[in-house]
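Step one of this worksheet: look at the structure below.
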Amino acid sequence: MTDNARGKAPTTSSSATTAAPRDLAAPSDPRIARRARWASLVGTSLESYDFYIYAYFAAFFVGPLFFEPLGGFGATLASFLSIALAFVIRPVGAIIFGHIGDRLGRRMTLIVTVTLMGVATGLIGVLPTYEQAGWVGAAILVVLRLLQGISLGGEWGGAVLIATEHESRAKRAFAAAMPQLGSPIGSILSAGAFIWLTLALTNEEITEWAWRLPFLTAIPLLAVSLYLRVSVTETPVFQAVAKTQARPRVPLAELLKRQPVTILVAVGVALLGIGSYSLMNTYTINYGVTQLGFEYYQLLIATTIGGLLQLITIPLFGAWATRIGSGQVIAWGALGTLLVAFPIYFFLQFANFGVLVAMMVIGGILPTMSWAALGGIFTELFDERYRYSALGFAYSLAAVVSGFVPALTLTIGELSGNAWWHPGIVLAAMSAITLVSSLIAIRMRVDRDEDDPAAARIPVESTTA
C-alpha cells in the first residue's frame, strides 16, 4: 500500500533527493493571519453567492426562460442538470488551479479563481433568453456554467490553505472553518436578493428583466474581493516548500502515487457537507413549491434563517474541532443527519410555515457540523507539497456527485409518485457514506500525527514502499 496517509515513509530510489519540511514553517504574524482569514472568507462568500444565485434561479426560472420547448418536467430537469454541469467540470478546475497553486503559490491562484467566477456570473446577467434568441442563450449559459465550475474547482482548496497555512497547527481547525462561512453568507445574500425580487416585483417583472439584477451585482462584489486578496501575503508553508525546492513537477501525479486511498476517503468525508446544500437549497425549494404548496418566498426565508444560524454554528463547530478533532465533529454531524433524514421530510408533508422553518433549520445545521470541520480534516490528511491539488481534487470529485443530487432526487420522486420519503433516501445515503468515511479519516489522521517525527522530511524522488 503506497498511501502516505498511513504514515509510512517511502523508500528512495535516488541519491540526490530534495526534502521538504512537514509544516515546520513558523506561523505568520497574528495580524497577517487575520487578514488572510478575511480574504479567504470574503472570497468564498463571493464564490458561494455567485453559485447560489444560479441555484436559486435554476430552481424556478431557468427552465421557463432558457429550456421552454422541453416542457415542464424536461425544462426543470434541464435546469437541474445545468447545475450538475458546473460540478462535473470542477475536477478540471481543481487540476489546473491545483497545479498552479502548488507550483506558483496560493495567493496568485486565488486572485485568478475569484476573477473568473465574478466575470462569468456577471455575464449570465446579460444573456438573451430562449424567447429572445432561441437556443443561443442556453448555449452561452452552458459555457458560463462551465467557467463557474472551473473557478470553483480551484477556489475552495486555496481558500482553506490561505487561511490555515498562516496559522500554527493548533489553530488550523478553527481557521479552516472560516472559509466555510462563505457558503451560508453566499446563500443568505443570494436568497435575500430573490426574496426582495419576489416581494417587491411581480412574477412577470422578474421573468422579463429583474432576474438579471442579482447576477450583475457580482461585479462590485468582485472588486471588494480582489482588493482583499491582493493585500494578502503568500503562506509561510508554501514559502518553506518553495525555499527548499521541494515542489513536485506534477503535483497531481505525486498525489495519485502517494495517497490514492486518502483521496477516496476524503471524497466520502466531503459528500454530506456539499450534497446537503444541493438537496436543501435547490431541490427542496422546488419540491416545496410544486408538491407541498408553499410559496417560493417562504422557502427562501426558511433557508435564509438557516443560513443566519450557520453564521453562529460554523465558528462554534470550528472551535469544537480544535478541542476534539475535525474528524470527530464531521462524524457527529453525519450521525445526527442520518437520524433526522426521514423525519424531516415526513413532517414537511403537514407543515405550516413555522414547521417548515424548523425542518429546514434542522436539515441545515446538522450537516453544517460536517461542513464546518471539512477543511480541518483535509489539511490533516494531505502532504503540503501537493496539498492544493489534493484539497481541490478530492473536494471537486465529491462536488461532481453532489451536483447530481437535485436531478437524482427529482427522478426518484418521479418514479415513486413523489412519495414523502424520496428526498430522505438521498440525505440518509449521503450521511451514511460521510459517517463511515470520517471514521476512517480519523484513523488516517492519527497515524500521520504519530509518525510525523519520523516523516518530517519526505523525499521528492521516491519509489513506492
Q328 and I442 have their tightest heavy-atom pair at N-CD1, 3.7 Å

Test side-chain hydrogen bond (donor to acceptor under 3.5 Å, both in side chains) on Y49 and T217 and set out the steps. CA-CA 10 Å; Y49 171 78; T217 59; 2.5 Å; yes

Is the backbone of T322 close enough, under 3.5 Å, to the side chain of S326 for a donor and an acceptor to pair up by distance? no

Assess whether a salt bridge exists between R172 and E165, defined as any Lys/Arg side-chain N lying under 4.0 Å from an Asp/Glu carboxylate O. no

Is a side-chain donor or acceptor of S231 paired with a backbone partner of L228 at a separation under 3.5 angstrom? yes

W156 ring center within less than 6.0 Å of F378 ring center: yes

Without swapping roles, check the side chain of T121 against the backbone of G118 for a donor-acceptor pair under 3.5 Å. no

Salt bridge present between E155 and R229 (N-O < 4.0 angstrom): yes

Donor + acceptor pair across side chains of S190, Y54 (<3.5 Å): no

Measuring centre to centre across the rings, with the benzene-like ring taken for any Trp, is W135 within less than 6.0 Å of F66? no

Under 3.5 Å, side chain of S438 to main-chain N/O of L435, donor-acceptor pair present? yes

Distance from L279 atom CG to L427 atom CG, nearest 0.5 Å? 5.5 Å

Classify the angle between the aromatic ring planes of F317 and W320 as parallel (below 30°), tilted (30 to 60°) or perpendicular (above 60°). tilted

